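The structure under discussion appears below in the form of structure tokens.
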Amino acid sequence: MTKTDIASLNFTQLSQTISAMGLPKFRAQQIYDWIHKKGAVSFDEMTNLSKELRTQLYDNFVIFSCAIEKKLVSCYDNTVKYLFRLHDGEFIESVVMQYKYGYTICVSSQVGCNMGCAFCASTIGGRVRSLSASEILGQVYAAQRDLGIRISHVVMMGMGEPLDNYEQTLQFLHMISDEKGLNISARNISVSTCGIVPRIYDLADERLGVTLSISLHAADDERRSRLMPVNKRWPIRQLLQAVHYYIDHTGRRVSFEYTLVRGENDSAEDARRLCALLKGMLCHVNLIPVNEVRETGMKTVDQSAVRDFQAILLKHGVNATIRRTLGADINASCGQLRKSNIKTP
Ligand code: SAH
């Protein structure tokens with residue numbers, strides 16, 4: 001018999017399952033607290049449950065947790081990068097960053113990725129599998145437990161494409177923002193996508209109020225398709241229509257990520273094209289010099305080039321900031337640690 005992944009059940013689902021086993025309702029609350037508030041990773045920790053009940057749980061359920069395989073701490077800014085080992089031996093990465101307003105975790109949504117972006121380390125071996133809601137939640141719980149902190153912000157900007165793992169991403173978003181769990185405000189959660197257009201409409205219709213972050217990286221289809229194959233399926237015009245729909249239906253400002261790659265998308269002309277595209281939209285642009293990944297051959301830009309690019313956007317009234325680089329000494333951008341940890345065939 002396969003055991004049920006208990007930490008992927010939301011409170012209602014867990015309550016129903018517990019009732020169906022003939023157990024009193026308050027047990028569901030106790031178990032949910034242990035997993036989602038106290039970060040328990042085994043039934044043995046649930047000391048207010050009888051030994052018999054713990055055995056019964058053990059026989060029927062499994063808690064998928066994230067085990068720390070490697071942990072790197074930046075000596076510049078205390079950014080922590082984790083390589084987590086999953087129950088089947090796969091690896092994923094998460095990064096915890098400390099800001100004035102609290103701790104932000106960047107979580108992965110898949111092992112590897114199928115999107116094929118030209119500059120990205122996570123996609124090099126393709127998608128191995130998608131994560132369950134419990135494995136996405138587990139990254140937050142494991143980091144909190146290890147660091148003894150409370151995480152206040154979550155960005156889905158780690159390995160994988162969250163909207164290519166839509167159901168589990170949605171379950172994760174509901175559970176992490178639920179008051180019965182960590183109760184992280186939807187406003188403090190960002191979902192980043194390379195542009196899976198139909199799922200952007202779906203996410204808007206959920207009206208969760210999470211921040212949508214679009215990895216744009218180029219303002220014309222030719223360049224964008226070169227950097228991001230997903231653009232061939234859903235070109236910029238269709239993507240922006242979906243973004244407008246998201247803004248109209250949620251009232252939320254959308255973020256655009258723009259990773260600068262030397263000679264690919266970093267010219268003044270590129271900046272002007274971006275202005276023309278985004279002018280008047282309720283949005284914000286994050287400029288990021290590309291993190292060089294050896295296999296991709298993409299070259300980064302220097303700080304002055306980023307500032308010049310930003311200046312053009314600001315002059316045209318497009319809100320733009322330069323992403324502060326954190327964890328520069330620990331390869332904090334995702335995908336690189338996992339790659340270096342697995343044997344390449
Ligand atoms: N698949 C999602 C989320 C994961 S990637 C997405 O595409 O948005 C998170 C962000 O990191 C994306 O904006 C992605 O384009 C960017 N990124 C990937 N590799 C990078 C690199 N080498 N340097 C800088 N940014 C990178």
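Both ligands and their constituent atoms are indexed starting at 1 by order of listing. If you're wondering where the values come from, they're calculated on a predicted model, not measured in any experiment.
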Subject >> Close-contact set for ligand 1 against Cys194 heavy atoms, below 4.0 Å >> reply: 6 (C), 7 (O), 8 (O)
Original post:
With no hydrogens and no angle check, is any side-chain donor or acceptor of Ser122 less than 3.5 Å from a backbone partner on Cys113?
Top reply: no
Original post:
Do ligand 1 and Glu257 have nitrogen or oxygen atoms that lie under 3.5 Å from each other?
Top reply: no
Original post:
Would His217 count as a contact of ligand 1 if the rule is a heavy atom under 4.0 Å away?
Top reply: yes
Original post:
Hey, what do you get for CD (Glu167) to CG (Asp202), rounding to the nearest 0.5 Å?
Top reply: 8.5 Å
**OP:** Between Glu161 and ligand 1, find which residue part has any heavy-atom pair under 4.0 Å and reply side chain, backbone, both or neither.
**Re:** both
**OP:** May I ask you to decide if Gly126's main-chain N or O and Thr123's side chain share a donor-acceptor pair within less than 3.5 Å?
**Re:** no
Original post:
In this structure, are over 12 heavy atoms from other groups packed under 6.0 Å from Tyr201 atom OH?
Top reply: yes
Subject >> Arg145: partners by side chain to side chain donor-acceptor pair (under 3.5 Å), with sequence neighbours left out >> reply: Glu45
Subject >> Proximal atoms of ligand 1 relative to Cys120 (non-hydrogen, under 4.0 Å) >> reply: 18 (C), 19 (N)
Original post:
Hey, is Thr259 touching ligand 1 through its side chain, its backbone, both or neither, going by heavy atoms under 4.0 Å?
Top reply: side chain
Original post:
Looking only at N/O atoms, are Gly160 and ligand 1 under 3.5 Å apart anywhere?
Top reply: yes
Original post:
Are Arg199 and Tyr166 in a cation-pi setup, meaning NZ or CZ lies under 6.0 angstrom from the ring centre and within 45 degrees of the ring axis?
Top reply: yes
Original post:
Regarding Lys180 and the six-membered ring of Phe11, is the cationic atom NZ or CZ under 6.0 Å from the ring centre and inside 45° of its axis?
Top reply: yes
Subject >> Part of Thr193 within contact of ligand 1 (heavy atoms, under 4.0 Å) >> reply: backbone
Subject >> For Asn60, all residues meeting side chain to side chain donor-acceptor pair (under 3.5 Å), sequence neighbours excluded >> reply: none
**OP:** Report, in ascending order of atom number, the atoms of ligand 1 lying under 4.0 Å from any heavy atom of Val290.
**Re:** 21 (C), 22 (N), 23 (N), 24 (C)
Original post:
Should Gly158 be listed as contacting ligand 1, given a heavy-atom distance under 4.0 Å as the test?
Top reply: yes
Subject >> Numbered atoms and elements of ligand 1 in range of Asn291, under 4.0 angstrom, heavy atoms >> reply: 21 (C), 22 (N), 23 (N), 24 (C)
**OP:** Determine whether any heavy atom of Ser109 lies closer than 4.0 Å to an atom of ligand 1.
**Re:** no
**OP:** Show which atoms of ligand 1 fall inside a sub-4.0 Å distance from at least one heavy-atom site of Val293.
**Re:** 22 (N)
Original post:
side-chain contact (heavy atoms from CB on, under 4.5 Å) with Thr321: which of Val285, Asn286, Leu287?
Top reply: Asn286
**OP:** Output yes when the distance from some N or O of ligand 1 to some N or O of Pro289 is under 3.5 Å, and no in every other case.
**Re:** no
